[in-house]
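In what follows, a structure is listed as structure tokens, so that the remarks can point back to it.
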Amino acid sequence: QVQLVESGGGLVQAGGSLRLSCATSGRTFSFYAMGWFRQAPGKEREFVATTSWSGGNTLYADSVKGRFTISRDNAKITVYLQMNNLEPEDTAVYYCAAARTQRDIVRLTTVEYWGQGTQVTVSS
């Protein structure tokens, strides 16, 4: 069974930091692009960041550029999202995603695998 399992969410004050992790199992994701999305209450799921299979190419949504960093450890097949200088507007459920290419990640509809999500709440 293919699984993406997120962890690391929680409650943090504005200006604080969190690091999300996405552990994979059930198949090898070494050659998959990986990414993060988020969904706030009453809003659509939105793209946050993606990394290529090698980790050498990353893309970010404008709203998080300069504050969030996506990385991956292919030995552990784990993807991370380091979130710094968090704002109340970052409050959402964060989802890990896997697809063949970064373009497939960004398109959202072509994501092949999703995690169950982890809640991030930023208080003002």
Side-chain angles (χ1 to χ4, degrees):
Q1 181 181 359
V2 176
Q3 281 191 313
L4 302 178
V5 180
E6 302 97 333
S7 61
L11 173 64
V12 64
Q13 288 188 331
S17 298
L18 283 174
R19 189 173 87 151
L20 306 183
S21 299
C22 173
T24 67
S25 64
R27 67 158 297 143
T28 179
F29 286 94
S30 299
F31 297 102
Y32 269 65
M34 303 291 294
W36 291 92
F37 287 78
R38 65 187 182 186
Q39 189 166 17
K43 295 188 177 181
E44 295 185 350
R45 191 169 298 190
E46 65 175 1
F47 166 75
V48 174
T50 179
T51 176
S52 61
W53 70 267
S54 68
N57 190 33
T58 57
L59 298 171
Y60 296 92
D62 287 343
S63 58
V64 306
K65 203 172 294 184
R67 300 187 298 122
F68 291 11
T69 303
I70 188 171
S71 62
R72 66 189 295 162
D73 182 339
N74 278 340
K76 298 179 180 179
I77 318 300
T78 300
V79 181
Y80 305 98
L81 185 67
Q82 177 67 43
M83 305 186 295
N84 297 329
N85 194 20
L86 283 160
E87 304 168 351
E89 293 74 23
D90 296 317
T91 295
V93 177
Y94 283 71
Y95 296 91
C96 180
R100 297 284 179 174
T101 69
Q102 288 182 286
R103 181 178 296 180
D104 290 332
I105 293 281
V106 174
R107 283 177 179 168
L108 189 151
T109 56
T110 44
V111 168
E112 292 187 44
Y113 302 101
W114 290 99
Q116 83 289 348
T118 185
Q119 177 70 47
V120 171
T121 303
V122 184
S123 63
S124 57

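- No donor-acceptor distance shorter than 3.5 angstrom exists from the side chain of Thr69 to the backbone of Gln82, with no hydrogens or angles considered.
- Counting only distance, with no hydrogens or angles, the side chain of Arg72 and the backbone of Gly55 share no donor-acceptor pair below 3.5 Å.
- Between Phe47 and Leu108, the closest side-chain pair of non-hydrogen atoms is not below 4.5 Å.
- Contact of the Thr101 side chain with the Trp53 side chain is not registered, since no non-hydrogen atoms from C-beta on lie closer than 4.5 Å.
- The shortest heavy-atom contact between Leu59 and Val106 is CD1-CG2, 4.4 Å.
- Counting only residues at least two apart or in different chains, ring pair (Phe, Tyr, Trp, His ring centres under 6.0 Å) contacts with residues 104-124 comprise Phe29-Tyr113, Phe37-Trp114.
- When atom types are taken as modelled, the side chain of Thr118 and the backbone of Gly9 share a donor-acceptor pair closer than 3.5 angstrom.
- Residue Tyr32 holds its OH atom at 12.5 Å from CD1 of Ile77, rounded to the nearest 0.5 Å.
- Panel note: side chain Glu6, backbone Gly117; a donor-acceptor pair is recorded below 3.5 Å.
- Side chain of Thr78 to main chain of Ala23: no donor-acceptor pair is present (N/O by atom type, distance under 3.5 Å, no hydrogens or angles).
- The structure places CD1 of Ile70 at 12.0 Å from CE of Met83, a figure rounded to the nearest 0.5 Å.
- Tyr95 and Leu18 sit in two unconnected hydrophobic clusters of ILVMFWY residues. Membership requires side-chain heavy atoms under 4.5 Å apart, directly or through other members.
- Atom OG of Ser17 and atom CG of Asn85 lie 8.0 Å apart (nearest 0.5 Å).
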Stepwise side chain to side chain contact (heavy atoms under 4.5 Å, CB included) check, Tyr80 with Cys22: CA-CA 6 Å; Tyr80 305 98; Cys22 173; over 6 Å; no
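- For the pair Val122/Glu89, no side-chain contact is recorded, criterion being any heavy-atom separation below 4.5 Å from C-beta on.
- No donor-acceptor pair closer than 3.5 Å links the side chain of Gln116 to the backbone N or O of Val5.
- Closest non-hydrogen pair, Gln119 versus Ala92, comes out as NE2-O, 3.4 Å.
- Side chains of Tyr60 and Arg67 form no contact here, defined as non-hydrogen atoms less than 4.5 Å apart.
- Note that CG of Asp90 and CZ of Arg38 are 4.5 Å apart. Values are rounded to the nearest 0.5 Å.
- The minimum heavy-atom distance linking Ala99 with Asp104 is given by the pair CB-CB, 3.6 Å.
- For Thr50 (side chain) and Gln102 (main-chain N/O), no donor-acceptor pair under 3.5 Å exists by modelled atom type.
- Proximity of Leu86 to Phe68: side-chain heavy atoms (C-beta onward) are separated by under 4.5 Å at one or more points.
- Atom-to-atom distance recorded for Ser7:OG and Tyr94:OH is 15.0 Å, nearest 0.5 angstrom.
- A heavy-atom distance below 4.5 Å is not found between the side chains of Lys76 and Ser21.
- For the atom pair CD of Gln13 and OG of Ser124, the computed distance is 9.5 Å after rounding to the nearest 0.5 Å.
- For the residue pair Ile105 and Val111, the shortest heavy atom distance occurs at O-CG2, 3.9 Å.
- Minimum interatomic distance between Lys43 and Gln39 (heavy atoms only, all atoms of both residues): O-NE2, 3.1 Å.
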